[in-house]
2 protein chains.
Amino acid sequence: MTGGYLKGRIRREDIITAAAAAYGELGYHGSSLRAIAKRVGISHAGLLYHFPTKEALLAAVLERRDAEDSEREQLTVPPGLDVLRHFLALAEYNVRHPGIVDLYSRLAAEAVAPDHPAHEYFVRHYRAARDGVHESFAALAARGELRAGVEPGMAALTFIALMDGLQVQWLTTPGDVDLVGSLRRYLQNLLTVPL
Amino acid sequence: MTGGYLKGRIRREDIITAAAAAYGELGYHGSSLRAIAKRVGISHAGLLYHFPTKEALLAAVLERRDAEDSEREQLTVPPGLDVLRHFLALAEYNVRHPGIVDLYSRLAAEAVAPDHPAHEYFVRHYRAARDGVHESFAALAARGELRAGVEPGMAALTFIALMDGLQVQWLTTPGDVDLVGSLRRYLQNLLTVPL
DNA sequence: CCTACCGATCGGTAGG
DNA sequence: CCTACCGATCGGTAGG
């Protein structure tokens with residue numbers, strides 16, 4: 001009888017979805033187990049049957065985010081222009097899914113504290129993002145497709161920072177910020193070839 | 001007898017300082033009146049004698065931040081290169097005062113929510129920052145000191161976003177991020193004259 | 001999965 | 001400014 005297991009897995013996914021939404025709206029510390037459980041229609045003790053602690057639930061939310069990312073990412077993309085285009089596509093996706101941007105921005109700011117349970121996650125996340133973009137800028141530089149004076153490492157750091165900063169401003173004053181357009185123009189400005 | 005008033009004002013300043021530090025470390029919602037009061041050495045009821053509600057204390061923290069900013073800003077600086085240099089000086093100042101960066105990043109992320117008591121503050125803050133930088137880029141463009149293809153409005157939005165994004169990454173992985181250097185190179189890249 | 005409970009903590013008030 | 005208190009809420013546990 002695998003039916004029982006299936007039901008449990010579906011319920012767990014529902015809980016993770018509800019938690020991600022709550023974290024986006026209220027942050028991790030601001031989201032109580034009771035409030036998350038209510039979205040799913042169970043008691044907070046029932047939630048703790050599926051996830052033993054509040055931190056375990058956060059870990060599950062971050063794991064699923066990573067899983068979704070690597071799914072979308074298709075590891076087949078080699079360093080270069082396509083990686084940059086992939087980031088623009090991600091930004092387009094995010095504009096249509098503000099809840100994800102909320103979640104990410106709220107958690108990233110909270111997790112600046114070294115004792116935050118998601119701190120190590122974001123340390124790894126930032127390093128991986130920077131390294132990936134760095135590699136692509138380096139490949140472009142080697143082909144002479146990067147403007148003179150643009151240093152790949154610095155450009156990668158700056159690009160990631162720009163994405164994050166634009167997201168917060170976009171969430172605060174949505175009408176004032178063209179998220180995708182700003183990123184596209186920034187990248188195009190660094191290149192000697194069309195994006 | 002003005003002595004009593006003076007003592008009260010000093011105590012209030014101490015409370016605001018403690019609150020700003022707490023907001024930076026734990027966010028607004030994460031900072032209890034009891035924890036803030038403890039830093040000052042009074043009870044939380046004593047704190048409420050000086051600030052009637054939790055929100056009133058937040059308002060006082062934001063007001064002081066604005067006062068400090070406009071003090072440092074010297075309204076004498078006309079739009080142009082000096083305004084950009086002023087932002088770089090601000091970044092240098094921030095690197096030596098991580099608590100301020102903490103406060104700002106934490107509150108900005110929390111205040112993305114429209115019902116956050118600091119939401120309107122950040123809406124105004126972002127608009128003012130963008131308008132100020134926009135004006136300077138426009139002045140530079142008029143003098144032909146902006147690289148071709150660089151649009152002042154977009155460049156201003158991007159510059160503010162970059163500052164914010166770099167700050168979060170710097171707080172998360174301080175060793176990996178050169179805050180001032182990254183900003184300087186970004187700006188220099190937009191200009192046809194040396195910064 | 002539930003009800004019922006625990007100790008801890010929250011913002012705010014009463015009364016001095 | 002204090003002590004003492006209020007009702008509400010928190011994460012987690014016991015016991016089914």
Side-chain angles (χ1 to χ4, degrees), chain A residues 1-23 25-62 106-107 110-111 113 115-118, chain B residues 1-23 25-62 106-107 110-111 113 115-118:
Chain A
M1 263 259 290
T2 47
Y5 288 120
L6 175 64
K7 216 170 78 180
R9 222 165 48 223
I10 291 176
R11 177 49 61 95
R12 255 188 291 277
E13 286 303 315
D14 286 347
I15 294 173
I16 293 175
T17 301
Y23 295 165
E25 293 166 26
L26 304 161
Y28 167 68
H29 290 303
S31 302
S32 71
L33 296 178
R34 281 168 176 84
I36 296 169
K38 200 172 204 176
R39 292 178 191 236
V40 188
I42 62 176
S43 72
H44 92 282
L47 190 160
L48 287 167
Y49 166 80
H50 294 286
F51 299 95
T53 65
K54 200 188 178 187
E55 283 197 23
L57 177 54
L58 172 60
V61 168
L62 297 176
R106 286 295 308 254
L107 283 187
E110 270 188 342
D115 62 340
H116 191 284
Chain B
M1 263 258 293
T2 48
Y5 289 119
L6 176 64
K7 217 170 79 181
R9 222 166 47 223
I10 291 176
R11 179 49 61 96
R12 256 187 290 276
E13 287 304 314
D14 287 348
I15 294 173
I16 293 175
T17 301
Y23 295 165
E25 293 166 26
L26 304 160
Y28 168 68
H29 289 304
S31 302
S32 71
L33 296 179
R34 280 168 177 85
I36 295 169
K38 200 173 204 174
R39 292 178 191 236
V40 189
I42 62 175
S43 72
H44 91 282
L47 190 158
L48 287 167
Y49 166 79
H50 293 287
F51 300 95
T53 65
K54 199 187 180 190
E55 284 197 22
L57 178 54
L58 171 60
V61 168
L62 297 176
R106 284 297 307 255
L107 282 187
E110 270 189 344
D115 61 341
H116 191 284

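Here is how names work: the chains are called A, B, and so on, in the same order as the sequence lines, proteins then strands, and each is numbered from 1.
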Discussion item. My understanding is that only residues two or more places apart in sequence, or in another chain, count here; which of them pass side chain to side chain donor-acceptor pair (under 3.5 Å) with B:Arg34?
Written reply: none
Discussion item. Restricting to ring pair (Phe, Tyr, Trp, His ring centres under 6.0 Å), what partner residues turn up for B:His116, sequence neighbours left out?
Written reply: B:Tyr28, B:His29
Worksheet, complete the sentence: In 5'-to-3' order, the base (B), backbone-only (S) or no-contact (-) status of each nucleotide in nucleotides 11-16 of chain D, using a 4.0 angstrom heavy-atom cut-off, is BBB---
Worksheet item: Looking at B:Ser31 and B:Ile36, what are the two nearest heavy atoms and their distance?
Response: CB-CD1, 4.2 Å
Item to complete: Quick one: list whatever passes salt bridge (charged side-chain N to carboxylate O under 4.0 Å, His left out) with B:Arg12, sequence neighbours left out.
Response: none
Item to complete: Using whole Å, report how far NZ of A:Lys38 lies from C1' of D:dC10.
Response: 15 Å
Item to complete: Could you list the residues that satisfy side chain to side chain donor-acceptor pair (under 3.5 Å) with B:Ser32, not counting sequence neighbours?
Response: none
Item to complete: Sort and list the pairs that fulfil salt bridge (Lys or Arg N to Asp or Glu O under 4.0 Å) and have at least one residue in residues 39-53 of chain B, not counting sequence neighbours.
Response: B:Glu25-B:Arg39
Worksheet entry | Residues which pass side chain to side chain contact (heavy atoms under 4.5 Å, CB included) with B:Ser43, listed by chain and number, not counting sequence neighbours | B:Ala45
Discussion item. Using whole Å, what does the distance between atom P of nucleotide D:dT3 and atom OH of B:Tyr49 come to?
Written reply: 16 Å
Worksheet item: Dot-bracket, DNA chain C: Watson-Crick or G-U, under 3.5 angstrom, [ ] crossing, | other strand?
Response: ||||||||||||||||
Worksheet, complete the sentence: Sorted by chain and residue number, the side chain to side chain contact (heavy atoms under 4.5 Å, CB included) partners of A:Ala20 (sequence neighbours excluded) come out as A:Val61, A:Leu103
Practice prompt. Applying salt bridge (charged side-chain N to carboxylate O under 4.0 Å, His left out), name anything that partners B:Glu13, two or more places apart in sequence or on another chain.
Written response: B:Arg64
Worksheet, complete the sentence: Per the under-4.0 Å heavy-atom filter, residues of residues 12-20 of chain A near DNA chain D come out as none
Discussion item. According to side chain to side chain contact (heavy atoms under 4.5 Å, CB included), who are the partners of A:Leu62, at least two apart in sequence or on a separate chain?
Written reply: A:Leu58, A:Leu107, A:Ala118, A:Tyr121
